[in-house]
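Here is the structure we will look at, set down as structure tokens.
No experiment lies behind these values; they were computed from the predicted model shown.
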Amino acid sequence: MSKLNDQVNSFKKSLNANTMIGAKRVASGTMRQSSTGSSSGGSGAAKPHSTGQRRSYDYMKRKKKNTTYSQPANTGTGKHAMSQLYTVMQFLKDADGPQSVVSITSRTKVNIDTNKALWDKLIANDKVDYDPVMQTFAYKPTYQIKSKEELLNLLVSMKQLGGMDYKDLKESYMKISDAVEELAADGDILVVRNKDGQPRGLFHNDPKYNTHMDSEFRAMWSEIRIPDETDLPKQLESAGLKTMEVFEKKVVADPQPKRSKTRNKKIKITNTHLSHIDLSKDYVPKK
């Protein structure tokens, strides 16, 4: 029994000795690594030591800096006839006055002189005014407006129709926005605007309809609170009023009689090689 205890004690001593040796080796390795890192200039990042590693490292850094992203190529005005026609029309619309062939070619990069099909399309276009003598092209808007006075005269002539849409006048006059603001500031026209403040409808402000109102009445009118759309039916009902009802007549189509579908099914006969045998009878083998 004593011999067994001696063996156990010797095993424990050898185990403790190996553990201490391993711990010393780990500690010495850690100290060596920290001293190497501190001697490399104090920068926290490890740098390559060999020449090949250093070249690869420098290449990766340059590659990250010189990364370029693909951009769509500038296709110009396109090669399709309709695309080129649209480009020329947009240029004539933005231009001020007639434009020569040289001016159109230099500004749009579309040579209409050598493209007979495009030339014919421009001449035949209702929105293009072609001068055969001077060989110039000009955009022909719906309304010919060159000043704010002409704009005011147009609105006066159209007052019976109630007004004009601002979008229909934008292509007629390049300075239409400034003319509208000046006429509105002078009180010559009335402007209905969108939520973003852009003009939407233009009306002539006829002075004879500008009835004088007392300031007391104007104040009363401004103090009237308009209910919200969700509360408006309840407010009308409490005041003894009814909302307008719209009755829509439903169009009911006459029911069409259903046609009985007659299907002529064709039966495909198979087993034609047994046509000489009467299958209604029991088969009796011949002896």
Side-chain angles (χ1 to χ4, degrees), residues 82 85-99 107-108 125-129 137-253:
M82 297 306 296
L85 178 62
Y86 174 79
T87 303
V88 175
M89 290 295 295
Q90 287 297 117
F91 168 69
L92 294 177
K93 184 185 294 185
D94 298 336
D96 189 9
Q99 300 295 319
R107 297 295 297 275
T108 64
N125 197 306
D126 296 335
K127 290 291 186 179
V128 175
D129 188 8
F137 297 85
Y139 185 77
K140 184 168 57 177
T142 306
Y143 304 100
Q144 298 291 337
I145 302 174
K146 300 298 181 182
S147 62
K148 68 175 184 179
E149 288 77 16
E150 293 183 0
L151 174 60
L152 180 59
N153 295 333
L154 178 62
L155 292 175
V156 172
S157 63
M158 301 290 288
K159 66 180 181 180
Q160 299 298 331
L161 301 177
M164 299 189 66
D165 195 346
Y166 179 75
K167 293 188 297 184
D168 298 337
L169 300 172
K170 287 180 64 176
E171 63 179 21
S172 302
Y173 185 36
M174 293 183 59
K175 300 179 181 179
I176 185 70
S177 178
D178 297 336
V180 168
E181 298 300 333
E182 291 177 5
L183 292 174
D186 296 339
D188 296 328
I189 64 173
L190 300 176
V191 183
V192 178
R193 302 180 183 272
N194 296 322
K195 292 182 179 180
D196 57 355
Q198 295 297 322
R200 179 180 178 183
L202 306 179
F203 301 85
H204 174 240
N205 188 15
D206 198 337
K208 67 179 180 180
Y209 297 113
N210 295 334
T211 305
H212 176 72
M213 296 291 175
D214 294 336
S215 58
E216 183 180 358
F217 181 78
R218 292 183 179 182
M220 293 173 60
W221 176 267
S222 301
E223 291 174 358
I224 296 176
R225 177 181 170 273
I226 301 176
D228 190 66
E229 293 182 358
T230 57
D231 300 333
L232 185 59
K234 295 181 180 179
Q235 296 288 340
L236 293 174
E237 186 177 357
S238 62
L241 302 175
K242 292 184 179 180
T243 59
M244 184 178 63
E245 297 179 356
V246 179
F247 298 93
E248 296 181 358
K249 183 179 179 181
K250 296 183 179 180
V251 179
V252 181

Shortest non-hydrogen contact from [X] toward [Y]:
X	Y	value
Leu92	Phe137	CD2-O, 3.6 Å
Gln144	Glu150	O-OE1, 3.5 Å
Ile145	Tyr173	O-CD1, 3.6 Å
Lys140	Asp126	CE-O, 2.9 Å
Val191	Pro199	CG1-CB, 3.8 Å
Ala184	Ile189	N-CG1, 3.7 Å

Heavy-atom neighbours of Lys170 NZ exceed 12 at 6.0 Å: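 Counting neighbours around NZ of Lys170, 12 or fewer heavy atoms of other residues, nucleotides or ligands fall under 6.0 Å, so no.
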
Can any side-chain N or O of [X] pair as donor or acceptor with the backbone N or O of [Y] at less than 3.5 Å?
X	Y	result
Asp196	Gln198	yes
Ser172	Tyr143	yes
Asn153	Glu149	yes
Asn205	Gly187	yes
Asp214	Glu216	no
Asp165	Lys167	yes

Any side-chain donor near an acceptor of the partner, Lys175 and Ser147, under 3.5 Å: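 No, no side-chain donor-acceptor contact under 3.5 Å.
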
Salt-bridge criterion met for Arg193 and Glu181 (N-O under 4.0 Å):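 A salt bridge is present here (some side-chain N lies under 4.0 Å from a carboxylate O).
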
Presence of salt bridge, Asp206 and Lys159, under 4.0 angstrom: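 Salt bridge present between Lys159 and Asp206.
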
Residue pair Glu182 / Asp188, side-chain heavy-atom distance below 4.5 Å: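 Side-chain contact under 4.5 Å: no.
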
